[in-house]
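Heads up, the thing below is written out as C-alpha cells.
Counting convention: from 1, in listed order, for ligands and their atoms alike.
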Amino acid sequence: MSRRDVVRSLPPYKQGAAEGPDAVKLSSNENPYPPLPSVVAEIADRMRDPRGSFNRYPSMGAMELRTAIGSRFGVTADQVAVGAGSVEVATQLVHATAGMGDEVIFAWRSFEAYPILTVVSGATPVKVPLTADLHHDLAAMLAAITDRTRLILLCTPNNPTGTTLSTDEVEHFLSQVPENIVVAIDEAYVHFNRDPQAVSGVEMVSRHPNVIALQTFSKAYGLAGLRVGFGIGSVEMCEDLRRVAVPFAVSDVAQCAALASLQHEDELTERVEKIVAERGRVTAALRDQGWTLGDSQANFVWLPTGDDTARIDEVLRGEHVFARCWQGEGIRLSIGSPSENDRCLAAFARAIAPAPVRA
Ligand SMILES: *Cc1c(COP(=O)(O)O)cnc(C)c1O
C-alpha cells in the first residue's frame, strides 16, 4: 500500500457529538465544570503580562511547567515531557519508538487514538481483545509480543470500559516484558480512580526504566480546550520525546493554565469528588432501571448494549442527550453535572421502556 493509501484507510477520529442549545453533551468525557475562577483569573493576568505578548513563541522547553509537574510527582524536570494534550505525548512516544515494520500492542477496545497514531507512524497495530469482563487480557498481550514489538500501551482506567489494572498484575506483566520494549501506562482518568488495588503509572516509572506514565489536564483539571498533557519517564525517554515533539505545540496560555491548576489542586479535588459521587449515583440509578453495567473508575460508565445500541442512541438523541455509541457494542456515557445526569437518566428510562403494543 502506498503511504497515501495508508492514510486514506484511517478512520477519522470522531469528536463526541452534541447538537442544539439544550443538548446534554456526555460524549467526550469532559469535565462538566468550567476551569476554576482562580485559574481563569491567572490566564487573564497572563494576557496583560508582557510575557503574554502573543507575538512571541511560548517557552519551548516549558521548564517552569515541567519543574512544577516534576515536584508534584517527586521527579526531576528532565523526567517530564509535555505535549498539546497527552494524545500529543502519546504521538511523540509512538514516533520515538516505532516505525515501519515495528509493532505496537494495545488492548481493544481501548482509546481510539491508539490505532491512528500507530498507523501514522508506519508501524503495525496489534489489537488484543479485552476479556469477557472487559479487562485488559495481559496474558494474551504478553503472548502477542514478538521481536518486532517496540511499544505496549496500557490504558487504566480503560477508555471506554472504565476497568482498571492492579499493581500486582502490572508488576507481574512488566516482569515478563523484555526491557527494550517501552510500556506506556495511560492514566488520563487517574484522579477518578477509587480502586485501592489500582496501579499507579508514575510509581511504576520509579521501578521500571522502560515504563512511561501519561497524564493530562483535559479531564480532572477541566482544561480540554487548552490542550496540555504530560509524560513521566526516564531522562533518556523524555529526551527522545522532546526530539520528536512538534516545536511550540503547548501554547503559553496552556502552560500558564496548567501551572495555575497545579497550584489549586485542593479546589479541583472537590470537583473530582462530586463527579465520583455522581458516577455512583448514575450507576445505581441505571441498574435500578434495569440496565447492565459494571463499575467504572473513570468519569464515564460503559453500557454493553450490543445490538440494541443504535435504537437506544436514537431515543437518547430524541431527548437531546448525546453519549458516545459504538453500534453493535455499547455506549460510553460521560458523567456530567447533577442536572445533566438527571436529564440523561430520564432519557435512559425512556429507552428501556417496553415498546407500546399497537392495536
Ligand atoms: C482523553 C484521553 C487522553 C487525553 O487526551 P488529551 O486531551 O489529548 O490530553 C488520553 N488517553 C485517554 C485514554 C483518554 O481518554
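By the salt bridge (charged side-chain N to carboxylate O under 4.0 Å, His left out) test, Glu171 is found to be paired with Arg207, residues two or more places apart in sequence or in another chain being considered.
Protein heavy atom at the shortest distance from atom 4 (C) of ligand 1 is Ser86 OG, 3.0 Å. Atom 7 (O) of ligand 1 has its closest protein heavy atom at Ser218 OG, 2.6 Å. Ranking protein heavy atoms by distance to atom 14 (C) of ligand 1, first place goes to Lys219 NZ, 3.2 Å. Atom 15 (O) of ligand 1 has its closest protein heavy atom at Tyr189 OH, 2.5 Å. When hydrogens are left out, the protein atom nearest atom 11 (N) of ligand 1 is Asp186 OD2, 2.7 Å; that is the closest non-hydrogen contact.
Relative orientation of the Trp291 and Phe348 rings is perpendicular, given thresholds of 30° and 60° on the angle between their planes. Using a 30° and 60° split on the angle between ring planes, Tyr114 and Phe111 fall in the perpendicular class, above 60°. In this pair, Tyr189 and Phe300 present their aromatic rings perpendicular. The plane angle is above 60°, beyond the 30 to 60° band.
Annotation for Gln327: atom CD does not count as buried by contact number, only 12 or fewer foreign heavy atoms lying within 6.0 Å. Within a 6.0 Å radius of CG in Asp307, other residues, nucleotides and ligands contribute 12 heavy atoms or fewer.
When only interatomic distances are considered, the shortest N/O to N/O separation between Val87 and ligand 1 falls below 3.5 Å. The shortest N/O to N/O separation between Asn159 and ligand 1 falls below 3.5 Å. Residue Asn29 places no N or O, backbone or side chain, under 3.5 Å from any N or O of ligand 1. Residue-to-ligand polar distances place Arg227 within reach of ligand 1: an N/O pair is separated by less than 3.5 Å.
At least one heavy atom of Ala188 lies less than 4.0 angstrom from ligand 1. In this structure, Ala224 has no heavy atom closer than 4.0 Å to ligand 1.
Under the 4.0 Å criterion applied to side-chain N and carboxylate O atoms, Glu112 and Arg324 are assigned as salt-bridge partners.
Near Cys155, the atoms of ligand 1 lying under 4.0 angstrom from a non-hydrogen atom of the residue are 13 (C).
Tested against Leu174 for a side chain to side chain contact (heavy atoms under 4.5 Å, CB included), the candidates Leu154, Val199, Val183 yield a single pass: Val183.
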